[in-house]
Amino acid sequence: MCEEHHSGIGRRAVFLTGAAAALTLGSVSFASAADRDGQETRTVRGTLPPGAPDFVYVPVDVPDGVREIKVAYSYDRPAVPAGTTGNALDIGIFDERGTELGGRGFRGWSGGARTEFFLRADDATPGYLPGPVREGTWHIVLGPYTVAPQGLSYEITVTLTYGEPGETVRPVYPPERAKGRGRTWYRGDCHLHSWYSDGRRTPAEIAALARAAGLDFINSSEHNTHSAHAHWADAAGDDLLVLLGEEVTTRNGHVVALGTDPGTFVDWRYRARDNRFGRFARQIRRAGGLVVPAHPHATCIGCNWKFGFGEADAVEVWNGPWTPDDEVALADWDAMLVASVRQGREGREGPEGGREGKDEREERDWIPAMGSSDAHRDPDVVGRPQTVVLADDLTRRAIQDGIRAGRSYIAESQHVSLAFTASGGRGEHAGIGERLRVDNDTPVTVRLEVTGAPRCTVRFVTDQGVLHTGPPLPVSGAGVVEWRTTASYAAYVRAELRHETAVGPLPGALAAFTNPIFLGHR
């Protein structure tokens with residue numbers, strides 16, 4: 001066993017790769033073809049100081065004739081003072097095609113979820129892509145997520161197994177259509193994690209839980225890898241549409257790529273200051289997906305969204321069980337609704353830098369809200385919350401169209417159902433995500449029908465704030481709440497259902513809320 005020690009990064013160059021700062025260390029070399037036997041191993045050790053670059057690349061010179069590459073790693077976790085971050089080190093790998101931003105050479109990422117992984121033609125560790133181990137320089141990528149004041153000491157062991165490569169697996173993807181019920185409301189959870197990133201459930205287990213939660217569709221959203229795409233076909237069915245995507249996990253926030261083409265990888269190696277996010281948002285759209293910033297006010301390191309919302313097709317306002325950061329996200333989203341009304345924009349920059357006009361998508365003037373579980377493992381509940389979408393059918397395109405248009409509401413479970421409408425005096429009618437075109441002083445009746453929300457309180461929220469609060473619903477959970485207003489008084493109206501709160505001035509946790517109905521001609 002050969003050992004190569006990288007004692008630090010002070011004497012090595014830091015390269016700016018067009019993304020976040022990155023460092024490339026010295027190569028790990030293996031024997032020539034004439035000297036090799038069945039298996040060879042190399043180990044390297046090093047230490048990263050506080051303030052290390054976001055990504056550290058360890059080149060591995062892979063000779064011809066390799067059947068499998070296996071990587072194991074470990075790092076120290078020294079004690080740190082209270083309030084100080086300790087060590088956390090992520091890992092992944094790029095093949096001989098290189099590490100250029102865009103990910104042409106990407107072969108897998110497990111973050112901090114695993115201590116070892118392997119790749120070969122016919123199989124790979126979850127999170128990694130099976131395929132041939134070709135000759136050339138591969139790169140192990142380390143991501144020092146946090147570094148303790150003492151530094152981060154690591155050890156990496158690389159093992160190459162020689163032999164016939166085996167047959168490359170041909171991926172099979174889930175269909176883009178399930179057996180729908182025509183134009184109706186479909187329930188979905190678009191932010192989920194399996195064991196193909198840092199979750200603990202298999203796709204089959206997630207699918208079973210989704211069906212039990214009354215869901216019609218889900219979206220595969222593993223951290224920084226699309227390796228799960230080829231493992232959902234058996235879990236899908238006539239009763240469950242499986243969309244494919246990724247949770248793009250940058251150091252400045254996470255974004256769900258929702259419903260991309262099978263096999264689409266979206267790079268994550270940039271920060272807001274690098275001015276690269278727009279490029280990858282456009283890539284998501286070119287691949288047929290939606291751009292959905294996730295848990296924008298989450299408190300975990302690197303989770304808070306810092307890229308702005310100019311590229312967002314929707315925003316995940318509710319993530320998992322209702323918490324204070326969701327309350328902040330809801331208030332922030334509502335402020336964006338107010339700003340959209342105030343500015344009266346006619347469109348925004350499209351994928352190629354042009355303008356998308358009203359004829360294409362009037363609701364580009366505002367960003368619809370979504371809710372997803374972000375479930376990883378027990379006791380995380382799949383489908384809590386869930387986005388309920390009015391769509392023409394249970395297909396990838398129809399579901400995306402409904403989400404993009406804001407024809408949706410968010411509910412804590414399948415038991416909560418809403419019907420939210422606004423009507424004028426001459427038969428004008430609008431539903432969630434739509435506009436009721438009436439004169440400013442025309443009386444408007446807002447009506448919410450609820451089932452499955454016992455003792456919840458209904459609130460109607462407008463650009464002026466909460467303008468109507470109804471009495472608690474009965475124990476049966478069913479009821480109807482109406483309110484009369486005008487477009488001059490309320491530019492939009494959205495509904496919230498809140499659980500009872502025991503004490504204090506804060507509102508209770510949400511049971512459901514809707515996207516808005518806009519009032520007036522604009």
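Computed from a predicted structure; not experimentally measured.
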Checklist entry - Can Asp393 and Arg177 be said to form a salt bridge (Lys or Arg N to Asp or Glu O under 4.0 Å), step by step? => result CA-CA 9 Å; Asp393 206 348; Arg177 175 183 297 272; 3.3 Å; yes
Item to check | Stepwise salt bridge (Lys or Arg N to Asp or Glu O under 4.0 Å) check, Glu449 with Arg447 | outcome: CA-CA 7 Å; Glu449 300 178 38; Arg447 177 183 174 90; 3.2 Å; yes
Checklist entry - Any side-chain donor-acceptor pair under 3.5 Å between His223 and Thr249? => result yes
Checklist entry - Regarding Thr225 and Arg107, is there a side-chain donor-to-acceptor distance under 3.5 Å anywhere? => result no
Checklist entry - Are any of the side-chain nitrogens in Asp274 or Arg276 under 4.0 Å away from the carboxylate oxygens of its partner? => result no
Item to check | Validation row: Met370, Leu258 side chains within 4.5 angstrom (heavy atoms) | outcome: yes
Checklist entry - Can you name the closest pair of heavy atoms from Thr395 and Leu241 and give their distance? => result C-CD2, 3.6 Å
Next on the checklist: What I want to check is whether the side chains of Asp441 and Thr486 have a donor and an acceptor closer together than 3.5 Å.
Outcome noted: no
Checklist entry - Do the rings of Phe460 and Phe420 sit parallel, tilted or perpendicular, given the 30° and 60° boundaries? => result parallel
Checklist entry - Are Asp325 and His295 close enough that a side-chain donor and a side-chain acceptor fall under 3.5 Å? => result no
Item to check | N-O pairing of Arg285 and Glu311 below 4.0 Å | outcome: yes
Item to check | Tyr186: ring pair (Phe, Tyr, Trp, His ring centres under 6.0 Å) partners, not counting sequence neighbours | outcome: none
Next on the checklist: If we ignore hydrogens and angles and just use 3.5 Å, is the side chain of Thr260 paired with the main-chain N or O of Leu244 as donor and acceptor?
Outcome noted: yes
Item to check | Carboxylate-amine/guanidinium proximity below 4.0 Å for Arg181 and Asp216 | outcome: yes
Item to check | Worked verdict on Arg396 versus Asp261 for salt bridge (Lys or Arg N to Asp or Glu O under 4.0 Å) | outcome: CA-CA 10 Å; Arg396 170 189 172 191; Asp261 294 336; 2.6 Å; yes
Item to check | Trp268: which of Phe280, Phe307, Phe277, Trp109 passes ring-ring contact (aromatic ring centres under 6.0 Å, His included) | outcome: Trp109
Item to check | Asp378 and Arg201 ion-paired at < 4.0 Å | outcome: yes
Item to check | salt bridge (Lys or Arg N to Asp or Glu O under 4.0 Å) between Glu327 and Arg498, intermediate numbers included | outcome: CA-CA 12 Å; Glu327 195 73 59; Arg498 297 272 184 171; 2.8 Å; yes
Item to check | Verdict with supporting geometry, His191 and Ser373, side-chain contact (heavy atoms from CB on, under 4.5 Å) | outcome: CA-CA 6 Å; His191 187 167; Ser373 71; over 6 Å; no
Next on the checklist: What verdict does the side-chain contact (heavy atoms from CB on, under 4.5 Å) test give for Val493 and Val461, after you've listed the backbone C-alpha separation in whole Å, the side-chain angles of each residue and the deciding distance to 0.1 Å?
Outcome noted: CA-CA 6 Å; Val493 184; Val461 186; over 6 Å; no
Next on the checklist: Would you say His429 and Glu434 are linked by a side-chain donor-acceptor pair, where the criterion is simply a distance under 3.5 Å?
Outcome noted: no
Next on the checklist: Check this for me, if you would: do Asp334 and Arg494 make a salt bridge, where the nitrogen-to-carboxylate-oxygen distance has to be below 4.0 angstrom?
Outcome noted: yes
Item to check | CG (Asn440) with more than 12 external heavy atoms under 6.0 Å | outcome: yes
Checklist entry - Less than 4.5 Å apart, any side-chain heavy atom of Glu428 and any of Arg437? => result no
Item to check | Donor-acceptor pair between Ser413 and Gln386 side chains, under 3.5 angstrom | outcome: no
Next on the checklist: Under 4.0 Å between a side-chain nitrogen and a carboxylate oxygen: does that hold for Asp239 and Arg211?
Outcome noted: yes
Checklist entry - Which of parallel (below 30°), tilted (30 to 60°) and perpendicular (above 60°) describes His226 and His229? => result perpendicular
Item to check | More than 12 heavy atoms from other groups under 6.0 Å of CZ on Arg97 | outcome: yes
Next on the checklist: Between His193 and Glu247, do the side chains contain a donor N or O and an acceptor N or O under 3.5 Å apart?
Outcome noted: yes
Checklist entry - Among all residues two or more places apart in sequence or in another chain, which pass the ring pair (Phe, Tyr, Trp, His ring centres under 6.0 Å) test with Trp232? => result none
Next on the checklist: Quick check: closest heavy atoms across Pro126 and Trp195, and the distance to 0.1 Å?
Outcome noted: CB-O, 3.2 Å
Checklist entry - Is a side-chain donor-acceptor pair under 3.5 Å present for Asp326 with Thr323? => result yes
Item to check | Ring center gap for Trp366 and Tyr492 short of 6.0 angstrom | outcome: no
Checklist entry - Does atom CZ of Arg279 have more than 12 heavy-atom neighbours from other groups under 6.0 Å away? => result yes
Next on the checklist: Taking Arg407 first and then Asp401, would you say they form a salt bridge - that is, a charged N and a carboxylate O separated by under 4.0 Å?
Outcome noted: no
Checklist entry - Quick one: do the His376 and Asp198 side chains pair a donor with an acceptor below 3.5 Å? => result yes
